[in-house]
Undergrad: 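Here it is, the structure in full.
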Amino acid sequence: MGKKQNKWVTFAIVCLTTGVITELPYMRWALYEPLREFLGQNNTQFGMSASLFGLLAMILYIPGGWVADRFSHKILFAVSAIGSGILGFWLSTAPNFTTVMVIHGLWAITNIGLFWPTMTKAIALLEDSKGQGKVFGYFEGVRGVFVVIMWLGLMKVFEHMGGIRMVIIVMSILAIMCGVLSIFFMPDNKEAEAASTGTIMKDMGAALKYPVTWLCAGTILCVYSVYNASSYMQPYCQEVLGMTAVVAGYVGIIKKDVIRLAAAPFSGWLSKKWGGRCAALIGVFGIMFAITLAILLALPSGGNFVVVTVVIMVASSFAIYGMRGMYYAIIGEAGTPASIYGTVSGIAMFIGFSPDFFNPTLIGSWLDKYPGAAGYRMTFIYMLITMLVGIGFVILLVRYNKRHNNSKVTVENIEEN
């Protein structure tokens with residue numbers, strides 16, 4: 001098989017595996033109330049398991065990035081996917097609260113520590129620095145295709161073949177199948193120029209001194225916090241707008257998965273047209289999101305505005321996935337060396353994905369303390385403020401990239417002369 005064919009086989013496996021295994025810890029995004037009721041938990045307890053997952057994930061991003069710089073992607077993908085599926089089977093038994101917490105803790109290892117930095121590096125190695133926006137935008141889109149197809153089938157399973165328990169079982173089977181595919185078709189990606197030989201402390205020291213690490217971390221933190229909190233738009237449809245669980249589930253799938261099919265590839269295409277300026281694109285989509293959320297906050301809550309509210313939610317999701325298609329690419333756009341790419345991304349993700357730790361418990365407590373529309377309104381205000389801070393980070397990153405690129409051009413001109 002030629003190099004180009006190998007590239008697209010790798011791309012397909014990464015998209016498929018990411019699309020499947022990441023849905024297990026995040027299935028609450030589509031079936032929040034059914035899963036919470038299946039486990040017999042209140043909103044605060046339900047949020048605690050997600051917060052534990054987020055806390056451990058946050059801690060594991062840094063060693064996970066170091067691991068991604070040294071070990072076979074084939075092995076890491078296989079262990080992650082198969083382990084994730086086995087944990088899913090355990091959850092399908094509707095265990096007690098303590099066991100659910102243990103499962104989410106172990107998912108943090110399989111789905112984040114061993115997988116996520118490896119996934120981002122595997123994608124980044126497929127293109128040069130100017131192609132990062134394109135490849136990550138397409139990654140989000142193709143991954144979205146797999147996820148939409150999977151969830152359309154899972155919703156039929158939920159409605160007609162055994163409810164939430166069978167949904168968990170089917171997802172677990174798919175995860176294990178992805179692990180098997182990785183064993184047979186995923187390359188090692190251990191080329192000398194892409195692997196580090198330094199110690200973890202040496203690589204971390206280099207990454208911590210790299211300004212882009214902090215600018216990317218702040219940008220990802222704000223974008224991901226908004227993305228994470230947007231999952232509560234789905235139960236908002238059920239609890240405040242009065243939709244049934246099935247209809248609200250479909251709205252969640254459209255908002256989370258269908259919109260990704262258009263938004264992420266569009267942002268990747270636009271990035272290519274703009275010469276790989278991924279950070280600037282995040283700023284454009286960030287402004288779009290802030291506008292849509294301001295409109296949502298201005299709308300009266302209730303069943304009389306269901307259609308308008310859903311349209312606004314869909315528009316906000318388009319902006320979110322436009323940003324998500326770019327926020328991994330900003331690390332490569334800045335010219336991060338391949339040998340420490342995993343470590344830089346690990347630190348950026350440690351900070352950037354910390355909302356997985358505090359958002360669920362924080363927002364869950366708001367929803368319990370302020371029932372109905374009031375709790376959700378607090379959530380939406382929090383999202384708007386966070387996005388405005390994120391736009392500030394984007395401005396700083398764009399300025400840094402401009403100075404860096406100008407300096408690079410000057411040095412190259414001196415060398416040529």
Side-chain angles (χ1 to χ4, degrees), residues 22-51 53-54 91 97 100 104 147 151 154-155 158-159 163-164 167-168 171 224-260 289 292-293 296-297 299-317 320-321 355-356 358-384 386:
T22 55
E23 292 299 300
L24 273 164
Y26 293 107
M27 72 181 81
R28 65 186 67 208
W29 286 47
L31 295 168
Y32 183 96
E33 285 297 322
L35 181 59
R36 184 181 67 80
E37 293 170 3
F38 173 72
L39 297 175
Q41 298 177 357
N42 60 33
N43 286 298
T44 302
Q45 290 175 319
F46 198 49
M48 286 176 68
S49 59
S51 289
F53 174 84
L91 186 74
F97 174 73
V100 171
H104 279 77
V147 172
W151 269 110
L154 290 173
M155 289 304 293
F158 176 71
E159 291 181 72
I164 191 69
V167 168
I168 299 170
M171 292 176 74
Y224 189 76
S225 185
V226 166
Y227 166 73
N228 181 283
S230 72
S231 66
Y232 290 90
M233 289 181 176
Q234 188 271 335
Y236 175 81
C237 290
Q238 186 174 347
E239 294 188 20
V240 178
L241 301 183
M243 298 181 185
T244 65
V246 171
V247 174
Y250 277 115
V251 170
I253 292 169
I254 291 170
K255 188 182 71 64
K256 184 175 76 73
D257 298 314
V258 175
I259 296 304
R260 172 165 39 193
F289 176 81
T292 60
L293 203 60
L296 181 61
L297 283 165
L299 286 174
S301 59
N304 294 331
F305 294 89
V306 171
V307 175
V308 177
T309 302
V310 170
V311 170
I312 294 299
M313 287 182 178
V314 168
S316 70
S317 293
I320 287 172
Y321 281 104
D356 269 339
F358 58 81
N359 265 2
T361 299
L362 176 65
I363 297 174
S365 66
W366 286 343
L367 298 181
D368 283 336
K369 188 175 181 179
Y370 305 100
Y376 289 101
R377 183 173 180 81
M378 291 181 67
T379 303
F380 297 154
I381 292 172
Y382 163 69
M383 292 166 67
L384 178 59
T386 302

Undergrad: By ring-ring contact (aromatic ring centres under 6.0 Å, His included), which residues pair with Tyr227, not counting sequence neighbours?
TA: Trp29, Tyr224, Tyr321

Undergrad: In chain order, what residues pass the ring-ring contact (aromatic ring centres under 6.0 Å, His included) check against Phe38, with sequence neighbours excluded?
TA: none

Undergrad: At their closest point, which heavy atom of Pro360 faces which heavy atom of Pro355, and how far apart are they?
TA: CD-O, 3.4 Å

Undergrad: Pairs of donor and acceptor atoms involving the side chains of residues 42-50, under 3.5 Å and at least two apart or interchain, shall be tabulated with distances.
TA:
from	atom 1	to	atom 2	distance (Å)
Asn42	OD1	Thr44	N	3.1
Asn42	OD1	Gln45	N	2.7
Asn43	OD1	Tyr32	OH	2.7
Asn43	ND2	Asp368	OD1	3.0
Thr44	OG1	Asp368	OD2	2.5
Gln45	OE1	Asn42	N	3.1
Ser49	OG	Arg28	NH2	3.2
Ser49	OG	Phe46	O	3.0

Undergrad: Looking at Phe97, I'd like to know if its CZ atom is crowded, meaning that more than 12 non-hydrogen atoms belonging to other residues, nucleotides or ligands lie closer than 6.0 Å.
TA: yes

Undergrad: What residues form a side chain to side chain donor-acceptor pair (under 3.5 Å) with Glu37, not counting sequence neighbours?
TA: none

Undergrad: What residues form a side chain to side chain donor-acceptor pair (under 3.5 Å) with Gln41, not counting sequence neighbours?
TA: none

Undergrad: Taking atom CD1 of Ile363 and atom CZ of Phe358, what is their separation to the nearest 0.5 Å?
TA: 9.0 Å

Undergrad: Roughly how far apart are Ser230 OG and Tyr236 OH, rounded to 0.5 Å?
TA: 14.5 Å

Undergrad: Excluding sequence neighbours, so at least two apart, what forms salt bridge (Lys or Arg N to Asp or Glu O under 4.0 Å) with Glu33?
TA: Arg36

Undergrad: Nearest 0.5 Å please: distance from the CD1 atom of Ile320 over to the CE atom of Met383.
TA: 5.5 Å

Undergrad: What is the distance from atom CG of Leu35 to atom CZ of Phe158, rounded to the nearest 0.5 Å?
TA: 10.0 Å

Undergrad: Provide the closest heavy-atom pair for Ser231 versus Pro235 in the form atom of the first, atom of the second, distance.
TA: O-CD, 3.2 Å

Undergrad: From Thr22 OG1 over to Met27 CE, what is the distance, rounded to the nearest 0.5 angstrom?
TA: 11.0 Å

Undergrad: For a quick check under 3.5 Å, do Asn359 and Tyr232 share a side-chain donor-acceptor pair by atom type?
TA: no

Undergrad: Could I get the full list of side-chain contact (heavy atoms from CB on, under 4.5 Å) partners for Thr292, not counting sequence neighbours?
TA: Phe289, Ile312, Ala315, Ser316

Undergrad: Hey, are the side chains of Met171 and Leu91 touching, using non-hydrogen atoms and a 4.5 Å cut-off?
TA: no

Undergrad: What is the minimum heavy-atom distance between Gly375 and Leu367, and which atoms define it?
TA: C-CD2, 3.7 Å

Undergrad: Return the minimal non-hydrogen interatomic distance between Leu297 and Leu384, and the atom names on each side.
TA: CD1-CD2, 4.0 Å

Undergrad: Name all residues meeting the side chain to side chain donor-acceptor pair (under 3.5 Å) criterion together with Ser51; count only those two or more places apart in sequence or in a different chain, and write none if there are none.
TA: Thr361

Undergrad: side-chain contact (heavy atoms from CB on, under 4.5 Å) with Ala373: which residues, sequence neighbours excluded?
TA: Val240, Ser301

Undergrad: Is there a side-chain contact between Met233 and Thr379, using heavy atoms and a 4.5 Å cut-off?
TA: no

